[in-house]
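Each remark here refers to the structure printed beneath this line.
Labels below follow one simple rule: chain letters A, B, ... track the order of the sequence lines, proteins then strands, and each chain is numbered from 1.
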Amino acid sequence: MQRIPVKEVLSTDPSGQQITVMGWVRSFRSNRFIALNDGSCLGNLQVVVDFEQFDEALLKRVTVGAALSVSGSLVPSQGSGQRQELQCSSIEILGDCDPGVYPLQPKKHSLEFLRQIAHLRFRTNTFGAIFRIRHQIAFAIHEFFHNRGFYYMHSPIITASDAEGAGEMFRVTTLDLHNPPRTENGQPDFSQDFFGRSAHLTVSGQLEGELAALALSKIYTFGPTFRAENSNTPRHLAEFWMIEPEVAFADLNSNMDLAEGLLKFVIGKILSVCEEDLKFLHDREVEEEKTKPQNERSEMNLLERLRFCVDHDFVRLSYTEAIDILRNSNPNKKGKFQFPVEKWGTDLQSEHERYLVEKHFKKPVILTDYPKEIKAFYMRQNEDGKTVAAMDILFPGIGEIVGGSQREERLELLERRMEEMHIPAEEMYWYLDTRRFGSCPHAGFGLGFERLVLFITGMNNIRDVIPFPRFPGNAEF
RNA sequence: GCCUCUUUAGCUCAGUUGGUUAGAGCGUCGGACUGUUAAUCCGCAGGUCCUUGGUUCGAGCCCAAGAAGAGGCGCCA
């Protein structure tokens, strides 16, 4: 008999039909009720066992975590917790699970503990929900762009370009580390390396994305990126996934519209498609909030935050306006900020961003037109000569979730800026060629995929929304 | 990289001023239980108190160094 996913069974009207279901035991209660989960959805199928019909030795092997194939008839449940249940006529143990050594017990586990057994944490309700939602978010992102005429472009993962300056890079090499070939001055000779030159893992697909956008008009990348920064926070990973759309004939305003539209579409989609998993994470967060002191509890719960994002326009304001607000804010006047806001031109600290998003506006904020000194070389210079057409989207609890800009399409201005920032123009000939041959206004942004998953699932640590997190000192599994 | 905190049973934690035999809940295991919903009831077992060194008659507790984890900051997405 063919296996039917639990998700399908749970949406079937029970009428005594014979079915086979395979999954893993979540609990075995009263020597009678097996809760069987196959990961197709959050819910378990209740399998009812009449122990007189089964060998006692077989039932002893029905332990938490064991893989079973069960067959029987699907009938309306007599209990109140579920619509249907499987009256079991046969049980086959596909894989035993020794409860004495199996780390997952039918009890609460801390996220820190589960992180240490990340290879098994998929089997918990929480991580099942997170990774089902993660899939749906990825799918919704592709759907959004595809429906709007964007082409999915695969930017390279290994790159010889290290000019973008988005962060420290991981080197890719096949040279013998103990005895590399040397140049005259004693440095490793990368001309003898695999690619005939120094190579690294990409920190961003943006520059290559621009090349494609200046021919295909609308492209997006969605792939892994790597940063060898020694970042130890709940918002950073050394390996993370990034979505980077790039649009020709677009300015900063349409760039903001695109980013806001994308976030609203994806969040809205998840609200409708992942109702059950979201509700579970929502309730989980509500329970967790109860353990916190009153003043640390968030004003909105998870579902409220998500709906709020979909229903309200993001606040758009310039860096200059933000500085004014911050300068005149109560915490600044009362010296509550660790870094007081004084002069125009300094970068905002995360405490300032949090104040704007969580206290002042209480909604997502798009900050625009930053001082050129604190932004990347490729951002388009504004008429004031001081700022660039940049935009960052700040989310409550997450901080920067999107960073983007209109790109500098004017060759002379771009070359001058690169010179000022000591970026070798000759190595970037291929990038500058776009400005030499049919340059046009264009814009794009980078969206941190895991930060979006973090926001939508309501989790607090980015290491809990990617299956196998990579961060300083850790590449387990 | 910097700052703060944490590390005691499989898990989550308590452990008084440094004092003799280190506790609880949950889980496991054994037993009872045929309508349970992370069932319930009874019982047993389970410890390198993170590691190393030091102070002391005596250290889970004090000191030093190291390791691991968490939070904050910086870098950013």
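F395(A) and F314(A) have their aromatic ring centers within a separation under 6.0 angstrom. Taking the six-membered ring for Trp and the full ring otherwise, F33(A) and F28(A) have centroids separated by 6.0 Å or more.
By the 30° and 60° cut-offs, the orientation of the rings of F226(A) relative to F170(A) is perpendicular. Below 30°, between 30° and 60°, or above 60°: for Y220(A) and F145(A) the angle between ring planes is below 30°, a parallel geometry.
What separates CG of N37(A) from C1' of A38(B) is a distance of 13 Å, to the nearest Å.
The base of U34(B) is not paired with the side chain of Q78(A) by any donor and acceptor separated by under 3.5 Å. For A77(B), its base sits under 3.5 Å from the side chain of R227(A) at one donor and acceptor pair at least. Residue-to-nucleotide contacts include no donor-acceptor pair under 3.5 Å from the side chain of E112(A) to the base of G71(B). A donor N or O paired with an acceptor N or O is found under 3.5 Å between the base of C75(B) and the side-chain atoms of S231(A). Scanning atom types as modelled, one donor and one acceptor separated by under 3.5 angstrom connect the side chain of D50(A) and the base of U34(B).
P106(A) comes within 4.0 angstrom of a nucleotide base, judged by non-hydrogen atoms across all strands. Contacts of Q349(A) with the nucleic acid, taken as non-hydrogen atoms under 4.0 Å apart, involve only primed sugar atoms and P, OP1 or OP2.
For A39(B), one of the phosphate oxygens OP1 or OP2 lies less than 4.0 angstrom from a side-chain nitrogen or oxygen of R29(A). Between N460(A) and G71(B) there is no side-chain N or O to OP1 or OP2 distance below 4.0 Å.
A search for salt bridge (Lys or Arg N to Asp or Glu O under 4.0 Å) contacts involving E143(A) returns K269(A), not counting sequence neighbours.
For A77(B), the base is stacked against the aromatic ring of F240(A), per a cut-off of 5.5 Å between centres and 30° between planes.
A cation-pi arrangement is absent between R132(A) and F127(A), since the terminal nitrogen or guanidinium carbon is not both under 6.0 Å from the aromatic centre and inside a 45° cone about the axis.
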Which letters describe nucleotides 3-11 of chain B, given B = protein heavy atom under 4.0 Å from base, S = only from sugar-phosphate, - = neither?
-------BB

